[in-house]
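As the structure is a computational prediction, the values presented were derived from the model and not from experiment.
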Amino acid sequence: MIKGWRWFGPKDPITLSALRQIGVEGIVTALHDIPNGEVWPLERILEMKNLIESYGMKWTVAESLPVSEAIKYAGPERDALIENYKISLANMGKAGVKTICYNFMPVLDWARTDLEWPCADGTGTLYFDKVRFAYFDIHVLGRKNARNDWDEKTLEGVDKLAQTITQAEIDDLINSIIIKTQGFVNGNFHEGDLNPVGMFNELLAQYDGITRDTLRENLRYFLEAIMPVCDEYDINMCIHPDDPPMQIFGLPRIITCAEDIRWMLNAVDNPHNGLTFCAGSLSAGIQNDCVSMAKEFAPRTHFAHLRSCQIFPDGNFCEARHTEGRANLPELIRIFEKQNPNLPMRPDHGRMMLGDETKGYNAGYGFHGRMLALAQVEGMLAVVRDEIAHGKC
């Protein structure tokens with residue numbers, strides 16, 4: 001496996017020099033300043049690639065070449081946007097960057113209610129509070145019939161929370177769910193937006209009438225359209241699982257479990273149509289057995305996010321240490337290292353620690369926490385490689 005790191009470009013306070021010093025081999029990045037739907041010019045791609053290589057590393061994965069919302073809900077501009085996407089893919093292939101991570105999640109990428117949930121050891125982690133998320137859905141968004149999507153126990157918690165929650169807590173939910181995560185992920189929101197809730201509801205409205213089956217067919221349409229370019233340039237497309245892997249805000253989520261992944265791989269049965277195996281996203285779903293899924297999908301896995309989640313009895317979950325949680329990273333590394341030893345990977349969503357929280361890093365992407373995670377993963381990888389070399393696994 002190729003040790004990678006998600007880097008947010010020249011404006012990232014974490015430098016390429018620092019990443020080389022801590023053992024990073026492959027950079028996972030994107031042209032974040034180019035608006036969604038516009039073409040990535042070849043010269044800009046080569047500029048980024050050459051910058052990374054000047055520090056002795058490689059641009060291993062583009063994460064993400066974003067899929068515009070209109071492609072997902074099949075708006076009138078869909079075909080024009082897909083043509084732009086194909087040009088960008090061709091330019092990536094010409095530059096020699098041939099692994100593309102993307103997602104097909106409507107409106108929002110990963111969702112958490114707390115971005116620095118305090119752990120007993122003094123670190124902070126990402127946390128999903130089911131009751132607070134449902135409160136946001138019902139009372140902040142005011143989504144029609146939202147209560148119908150939540151179980152009775154959760155609704156009891158929401159009603160109780162409604163009696164005590166403060167405006168500051170509501171503002172924090174808005175920042176956590178909309179601004180601080182979605183802003184740097186997909187560019188739909190920015191710090192300082194005057195009405196983020198209204199903007200969010202406008203995006204949700206674009207998916208009125210879009211069912212799970214409709215979204216599946218829109219994904220199939222997209223993949224069938226781009227596969228000829230992927231075949232020509234030997235580009236691997238790697239879809240990211242939904243995070244969390246459950247239905248939220250009335251939106252269809254279509255990459256949540258093994259059955260969903262099987263459907264996606266079979267719908268467009270091309271080796272270039274593959275998976276980003278995000279152990280964290282998958283382990284946040286109680287329905288998922290990450291080890292069995294890794295065994296099944298390793299041949300079509302083109303990229304791995306190595307992190308792990310812990311699910312609590314009340315349905316809440318948090319990002320666990322990389323040596324803990326439901327994902328079982330040592331066993332996943334054994335599977336991937338044996339079946340796909342050149343697989344690009346990156347440790348994902350490290351703890352906020354040792355002053356990371358004061359540096360302005362993107363949520364989940366502090367330096368010290370991910371450096372610790374990389375060291376833990378590198379240790380697991382060294383053990384597995386020794387086992388393989390001596391025929392022990």
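Residues meeting the side-chain contact (heavy atoms from CB on, under 4.5 Å) test with Thr276, sequence neighbours left out: Cys101, Cys238, His240, Phe303, His305. When the salt bridge (Lys or Arg N to Asp or Glu O under 4.0 Å) test is applied to Glu53, the partners found at least two apart in sequence or on another chain are Lys49. Annotation: side-chain contact (heavy atoms from CB on, under 4.5 Å) contacts of Glu224 (sequence neighbours excluded): Arg220, Val268. Remark: Glu337 pairs with Met1, Pro341, Leu381, Val384, Arg385, Ile388 by the side-chain contact (heavy atoms from CB on, under 4.5 Å) rule, at least two apart or across chains. Legend: residues meeting salt bridge (Lys or Arg N to Asp or Glu O under 4.0 Å) with Asp159, ordered by chain and number and at least two apart, are Arg147. A search for side-chain contact (heavy atoms from CB on, under 4.5 Å) contacts involving Lys392 returns Asp386, Glu387, His390, not counting sequence neighbours. With sequence neighbours left out, Asp151 forms a salt bridge (Lys or Arg N to Asp or Glu O under 4.0 Å) with Lys130.
Within the structure, salt bridge (Lys or Arg N to Asp or Glu O under 4.0 Å) contacts touching residues 236-252 (residues at least two apart or in different chains) are Arg112-Asp243, Asp243-Arg307. Residue pairs meeting the salt bridge (Lys or Arg N to Asp or Glu O under 4.0 Å) criterion with at least one member in residues 284-306, sequence neighbours excluded, are Arg262-Glu296, Asp269-Arg300. Among residue pairs with one or both ends in residues 245-259, those qualifying as salt bridge (Lys or Arg N to Asp or Glu O under 4.0 Å) are Arg212-Glu259, Arg216-Glu259; sequence neighbours excluded.
Taking Ile, Leu, Val, Met, Phe, Trp and Tyr as hydrophobic and joining them when side-chain heavy atoms fall under 4.5 Å apart, one finds Leu354 in a cluster with Met353, Leu372. Taking a 4.5 Å side-chain heavy-atom cut-off between Ile, Leu, Val, Met, Phe, Trp and Tyr, the cluster of Phe312 extends to Trp117, Tyr127.
With hydrogens and angles left out, the side-chain atoms of Thr211 and Asp213 include no donor and acceptor closer than 3.5 Å. Checking Asp208 against Tyr73 by side-chain atom types alone, no donor-acceptor pair falls below 3.5 Å. Neither side chain, Arg132 nor Thr113, offers a donor N or O lying under 3.5 Å from an acceptor on the other.
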Does Val377 form a side-chain contact (heavy atoms from CB on, under 4.5 Å) with Arg370? I'd like the steps, not just the answer. CA-CA 10 Å; Val377 167; Arg370 283 191 292 161; over 6 Å; no
Could you check Tyr233 against Asn91 for side-chain hydrogen bond (donor to acceptor under 3.5 Å, both in side chains), going step by step and ending with a plain yes or no? CA-CA 9 Å; Tyr233 292 98; Asn91 287 341; over 6 Å; no
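In this pair, His349 and Trp110 present their aromatic rings tilted. The plane angle is within the 30 to 60° band.
A salt bridge does not link Lys11 with Asp33: none of the charged nitrogens is closer than 4.0 Å to a carboxylate oxygen.
Here the closest heavy-atom approach between residue His272 and residue Asn236 is recorded as CD2-OD1, 3.2 Å.
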